[in-house]
Amino acid sequence: MASKNFSFEPKKALEWVVRRSGIQTNGTILNTTIQLLAYADDVDLIGRSRGAVENAFIDLERATTNIGLEVNQAKTKYMHTSGAEQKQDTVQFGTYTFEWVVDFVYLGTQIVISEYKVIEKERKRRYFVNTLRQTGRQ
């Protein structure tokens, strides 16, 4: 999320937005339909269905507009991890269009879909980055 108004503390603003959105933050995806993970200005919505993610996103987006935050459409990605939905180039949530991806880096960890299973390829990514640093190519 990006800010248009810098008169608030970002951590408190994000907490306020989440509470105002009405998204249930108790429990995990194992016992709820949606889970919200947030760190600094990075927010990750995990849902049991596309509809659950879309509804949570719309609730969250509505709450952000009240304090001058906005969703950065260019940085927001959509990843579907089951075979029930055919991959497309983009996905539409309300008035927003997001790129549909099969991999992305979240908080320094590369997340990849392989045969409809999400796998972490962090060791390979770190090895590659360290190799680049050692050879002076980064």
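Just so you know, these numbers come straight off a predicted model, no measurement behind them.
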Check your understanding: Does any pair with a residue in residues 89-98 pass salt bridge (charged side-chain N to carboxylate O under 4.0 Å, His left out), and if so which ones, sequence neighbours excluded?
Key -> none
**Study point:** Side-chain donor or acceptor of Gln92 paired with backbone N/O of Gly94 under 3.5 Å
**Key:** yes
Review point. Roughly how far, to the nearest 0.5 Å, is CG of Asp44 from CG of Leu37?
Key: 5.0 Å
Review point. CD of Gln24 to CG of Leu36: how many Å apart, nearest 0.5 Å?
Key: 11.0 Å
Check your understanding: Is a donor on one side and an acceptor on the other found under 3.5 Å between the side chain of Arg48 and the backbone of Thr32?
Key -> yes
Practice item. Give, for atom CD of Glu99 and atom NZ of Lys75, the distance between the pair rounded to the nearest 0.5 Å. Key: 14.0 Å
Point to revise | Student check: side-chain heavy atoms of Val91 and Arg50 closer than 4.5 Å | key: yes
Study note, to complete from the structure: dist Thr33:OG1 -> Ile46:CD1 (nearest 0.5 Å) comes out at 12.5 Å
Quiz: residues 52-62 side-chain donor-acceptor pairs under 3.5 angstrom, not counting sequence neighbours:
{"unit_1": "Asn55", "atom_1": "ND2", "unit_2": "Gly51", "atom_2": "O", "d": "3.3"}
{"unit_1": "Glu61", "atom_1": "OE2", "unit_2": "Tyr96", "atom_2": "OH", "d": "3.0"}

Exercise for review: Answer yes or no: is there a side-chain heavy-atom contact under 4.5 Å between Lys77 and Phe98?
Suggested key: no
Practice item. With the side chain counted from C-beta on, respond yes when Thr90 and Trp100 share a heavy-atom pair under 4.5 Å apart, and no when they do not. Key: no
Practice item. Could you tell me whether the side chain of Val43 reaches within less than 4.5 Å of the side chain of Leu14, counting heavy atoms only? Key: yes
